[in-house]
Each structure stands twice: as C-alpha cells, then as structure tokens.
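Just so you know, these numbers use all the heavy atoms, side chains as well, and skip hydrogens, waters and symmetry mates. Just so we're on the same page: letters track the sequence lines, and every chain starts at 1.
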There are 2 protein chains.
Amino acid sequence: MIERLSDIGERELLNRIQKFMPSGQINDDTAEINPKNQKLLLNNDLLVEDIHFNEITASPQDIGWKAVTSNFSDLASSGVDKIIGITVGLVVPPNTKWTWVKGVYEGMKEALDRYGGDLLGGDCSNGAQKILSITAIGTLGKLRLHQSNALPGDYIIASGPHGLSRLGLALLKSDPILEKVKLKSSMKEQAILIHQRPKPPLEALETIRSCKPQDISWRAAATDSSDGLLEAIKNLCKQSKCQAHIDAESIPRGNFWPKGKPWDDWCINGGEDFELVISLPPSWAKAVLKSLPNSYLIGYMKEGKENIVWRNIEKLNINTSSHFKHF
Amino acid sequence: MIERLSDIGERELLNRIQKFMPSGQINDDTAEINPKNQKLLLNNDLLVEDIHFNEITASPQDIGWKAVTSNFSDLASSGVDKIIGITVGLVVPPNTKWTWVKGVYEGMKEALDRYGGDLLGGDCSNGAQKILSITAIGTLGKLRLHQSNALPGDYIIASGPHGLSRLGLALLKSDPILEKVKLKSSMKEQAILIHQRPKPPLEALETIRSCKPQDISWRAAATDSSDGLLEAIKNLCKQSKCQAHIDAESIPRGNFWPKGKPWDDWCINGGEDFELVISLPPSWAKAVLKSLPNSYLIGYMKEGKENIVWRNIEKLNINTSSHFKHF
C-alpha cells in the first residue's frame, strides 16, 4: 500500500521529519546557533514544483540535494566560510507519498553531509503544490563578495563552463532538438549529473581566496550563474554600475560543446550551472585563471552604461535578452 | 486599472520589494548579520492561504503583520532577547494584485518597526496559491526556554486569557453560533483586534525574566499557544516527560467570557492566542502571577504518563483531543 500524507497525519509527519534533525525546531519552538563572534550570511530560496523542479527530471533525493546546494551556491557567491545549516519550509499536497517527503529529506541530508551544516528546523504544511523554502546560514570568511563590488578595469571570470545543466535537462526530457547532434556519452552523463546533482562553487571560492596577490586588497564582486551566465553578468553591471565588455568567442563553452543554435543560447542563458561569475583586478584574475583549471576569462568591466557591450556578436546564435522570467 | 504581477514581471516585482529592504538579499546573493558573540534563535513558519489565512478575514497588511508576529511568538517562547530580522519567501499566483503584495510587506514592516528587526532578504516566486515562508532570527537572552525543561512540581501558567482570537475569527466570518449570545461591543472589538493583529508575548517574557527569585536557577519550560492551549500543554508534557494536572475551572477564560459550548472549546482549542504557556518552579510562578496582571495559574506538572489529567472535566463542554490537524 502506498502511504500518503493524508493517511499518516501532521503529527506523525512531523515526528518522522524530526528524525532528520535530532535537535532543533520541530520538537521545540526554535533552533539555536552559536556563531562565536562571526558575521553570518543568510539566504532564502523558494523552489516551486513545475517552475523550479518536476518529478519527471528529478528524483525526490535530487530535489532535496539541489534545494540545498543551490542555496549554498548563493552563500558561496557572498564569501561563506563555514556552513552552519538550513531551515526548511515544506509545503505538500495531502495525497503526496511519504516516500517522496522522505526522499527529499534524504537528499538534503546527503548535501549537508557533503558540504557541512545541520538541518536546524523548519515547518511543514498542507498546500496545493509542492514547495520548498530553504533558508541557509553560514559564517562569512575573509573575502566578502558583493554583486556591487566590481570596478572598471576588472576582469570577468567564470569558475567553470556553462550550458551543461541545460543540456542535462534536455536529455532528461528527450528534447527532439538533440536528435540532430551526436554527443559523446561521457558528456551526456556529465550533463545529467550536473543537472540533477549540482555542486556549489565552494572549492572555487576557496581557490579564489587562496590566490589573491598580497599587494592588493580583498575587493571582488561575484554572483552565481543560477539564473544564467548573462543574467549574472547583468546583475554585476547593474549593482556595480559598470559596463561589461564581452567577446562572443570568449563565452565559457565546455570541451566538445557544439556551436550554433541552441548551444550558444544554452551556454549563456541555460541557467542552473551554479558557477561563480567574478569581477576582480587583473593580477588577481590572472592568478585565478592559473589556479582554477576550469575557469574562463569572459570579459572586462569598463566605465559606461550598466549593460553588456558585445564584440563579434554576429558569431553567436542567441537571444541576448534574459530568459529569467517566472511570472 | 488593477495592476497584477503578470503585468509587471519578476524583475520589476523584485525591484519594488527591494524598497522594503534597503540592504539585503534581493539586490545581492545573501544578507549579512553580525551577532557579536551571542547565541541566536531561529524559527521558520509557513503560512498557506485558506489554511492559515484568507482574504475574507484579513487584509494584506494584517496577513503581513500576523506572519511576522507569529514567528516572533515562537522566538519569545525560546527566550529571545533582541530580534535581528526575518527572511521572507513569498509565493504568489501571477494574477495577484501588486497592491496585495505591497500590503503584505507594509504589514510586515509595521510589525518590524514595532518589535524590532529588519527585513533581511527573501525570495519571490510564481505559484498556485499564496504562501508566506518566514524565517525569524533573534539573539538569545539570559533565560533559555525549552519545551523540554518542565519538571514535576512546576506550576503551569498562561500569560493571558485564551479564546479571543477564535472569537474574532467567528465574528469576522459572521458565524451563526454567535446569534445566540449577546457580547459586549468592547469584547468584540478586542477579539477582532487580537485575531487580526496579534501581539507576540515579548513583554510577558520580559516580566517573567525580571521576577525570578534569586535563590533558584534559570530553569523554565515554555511554548506558545499558537496551535491552542491544549496543544501547548500537551507539547510541554511530551517533550518534558511530565503529566499536567489541570482543573477544568482553571482554564484561562477572559473577563465576561461565556461558559458552555463553544466557549470552553474556543478557550482551550481555539488557537492563535500567541500567549506563553510556561512551566516553572512554584516560587517563580507566584512571582509571575503577581507581576503579570493577565496571567493565569492553570495547573501543575507531576510525575506520570505524558498527558493531561483533568479535574472537574464534566464542567467543560469540550473535545479534549487536539484540533491541530492540517492534513
């Protein structure tokens, strides 16, 4: 018999969820943290079924993993040192299977075990569709990154290639567009893995911190490319009041990434790559490019109107307006 | 023309929401807090339309106010000192009016202005129904309250009368049950106010802290009565492994509160009264009863099975099982 939440009731559901958080809010009114005189970073993200995830392309464990790691990606973009934990607000229709809820918590727990932090607390409620609301908390390290910290003269770097997550989605949905191309099977596997089990760019952040030249200050701008590379660069421009100059030939296509349509578009607008997009002084940028094997120099910040100025745009098969539109 | 979210788009929506949080996550990836070597309390609560609120009985401003103050009530139940702020995950269908969203943020801002704390960040997404997911953070004061801190021998105290919020709901819904009784108009006004604009029990907590006899330690159990007085007492029993002995005549009916059906039930199962239910040593309890004018002694903790033992139960017109059931 399939056990649904309407069969087990709210109290029993909370008891079961509590097993994923030995101490914490579920069996008390609040969770407690003890940050020892450190500044904290906080991030809240919503994941809504059929907008941010669906059950065709992701298992419950994948959804839990991705909910946590996408939040950690935001913490990384601001310069997190150590992750403290998360609170989870879970909305689920009464006909949801218990195994689905369990799977989501298992996936979250896997991500916490891998990257650190505890399940601090949360709430669970009946609702019309599945929704996860995660608030992640971590301590701030020695490099405080802001979207607004870019300056004219900076290099713009991506911590890794872009488009693979979007390719993974297309593969999982058996998108007919893929019938026209032949892809290496290792690339397909990597794309699906990146889509279902993205890694937050915590190691990239560590490398960036470790290779700063001593003679310059701790000033760098960053955001992550969760809403697409183009969106990330636009946000850096807007918040820093800078103009980004990008050569179309420098966009971070991975190895063996095809050219043309839809590949260029997936690279810059695909989203969910969870790489860092950083704007930093040339000497530091050069050190990062050397130390971070998968990183790409994609352009430069200059003075000017807060937008992107393209070179060789005719070589790109893209729509340069953002695809980030959920309403 | 009525402006709906589908007309203004996600980017403009976030721009408008950002005006409620001059610095914070909306225009960066995270918010930052600086707790100065203090322990922190965290709470996450979900409010789902048609389960926790509806537009018939509450304005958008009321919903925002209540979302914040119900979280602050949880922080108070654990012994908060100073409120730091909240993050807000807001899910809204695209046909929602902008004025609704604006009203909710106005209500939240009102509560923050009244009780302290900042709007630290959050997220906003399209979804099938309106949902608010709030995570509230505050520093811990000198009295750490836990649901599990009760001991046999304790007195059980409620920081105020119960049932008024439930009466307020009945009045707002023009419940026919009210046709049989004549209520003072001042009581009706108070009930509606308590239902729409509940106050978190922060002052009660301050009084409890201030009147502890010097010769006993800082040990007390507490929770709030957001899910009903009976549910609160049951949780204290369960988490503390104690038995509560309650005289039916001692339940905290307010002045002029009618007896019988449904009044007894509304008093103990109505919910959303947001009072503290505290279990503490007799000498401290007596001091609280003296210092907190609206407080009630409702019973005693003893050794025994983790439940409630009633005296004079025949004088109550109630269902003693909990009404807390959302699935």
Would you mind telling me which of [options] has the largest number of heavy-atom pairs within less than 4.5 Å of chain B?
| options | value |
| --- | --- |
| A:Asn34, A:Ile131, A:Leu40, A:Leu41 | A:Leu40 |
| A:Pro35, A:Ser133, A:Ala136, A:Ser226 | A:Pro35 |
| A:Lys238, A:Gln38, A:Arg144 | A:Arg144 |
| A:Ala76, A:Ala222, A:Ser78 | A:Ser78 |

Which pair of non-hydrogen atoms, one from B:Ile51 and one from A:Ser125, has the smallest distance, and what is that distance?
->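 Minimum heavy-atom separation between B:Ile51 and A:Ser125: CD1-OG, 4.3 Å.
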
Can you see which heavy atom on A:Lys36 is nearest to which on B:Asn37, and at what distance?
->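 In this case the closest contact between A:Lys36 and B:Asn37 is CA-OD1, 3.3 Å.
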
Does A:Leu42 reach the side chain of B:Thr135, with side-chain heavy atoms less than 4.5 Å apart?
->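 A:Leu42 vs B:Thr135: side chains apart.
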
Using 0.5 Å steps for rounding, measure from the [atom1] atom of [X] to the [atom2] atom of [Y].
| X | Y | atom1 | atom2 | answer |
| --- | --- | --- | --- | --- |
| A:Thr87 | B:Ile134 | OG1 | CD1 | 11.5 Å |
| B:Asp29 | A:Asn71 | CG | CG | 11.0 Å |
| B:Asp123 | A:Leu47 | CG | CG | 8.5 Å |

Applying ring-ring contact (aromatic ring centres under 6.0 Å, His included), which residue pairs with at least one partner in residues 115-138 of chain A are found, sequence neighbours left out?
->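 Residue pairs passing ring-ring contact (aromatic ring centres under 6.0 Å, His included), neighbours aside: A:Trp65-A:Tyr115.
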
For chain A, find which of B:Leu46, B:Asp7, B:Asp224 contributes the most heavy-atom pairs closer than 4.5 angstrom.
->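 That would be B:Leu46.
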
Top of B:Ser73, B:Ser148, B:Gly89 for chain A proximity - count of heavy-atom pairs under 4.5 angstrom =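 Option with the top pair count is B:Gly89.
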
Atom group of B:Val80 that falls short of 4.5 Å from chain A, counting heavy atoms |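 For B:Val80, neither part sits under 4.5 Å from chain A.
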
With a 4.5 angstrom heavy-atom cut-off, which part of B:Ile137 approaches chain A: side chain, backbone, both or neither?
->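 The answer is the side chain of B:Ile137.
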
Can a donor-acceptor pair be found between the side chains of A:Thr30 and B:Asp74 at a distance below 3.5 Å?
->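 The criterion, which ignores hydrogens and geometry beyond distance, is not satisfied for B:Asp74 and A:Thr30.
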
What residues form a salt bridge (Lys or Arg N to Asp or Glu O under 4.0 Å) with A:Arg4, not counting sequence neighbours?
->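 Applying salt bridge (Lys or Arg N to Asp or Glu O under 4.0 Å) to A:Arg4 gives none.
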
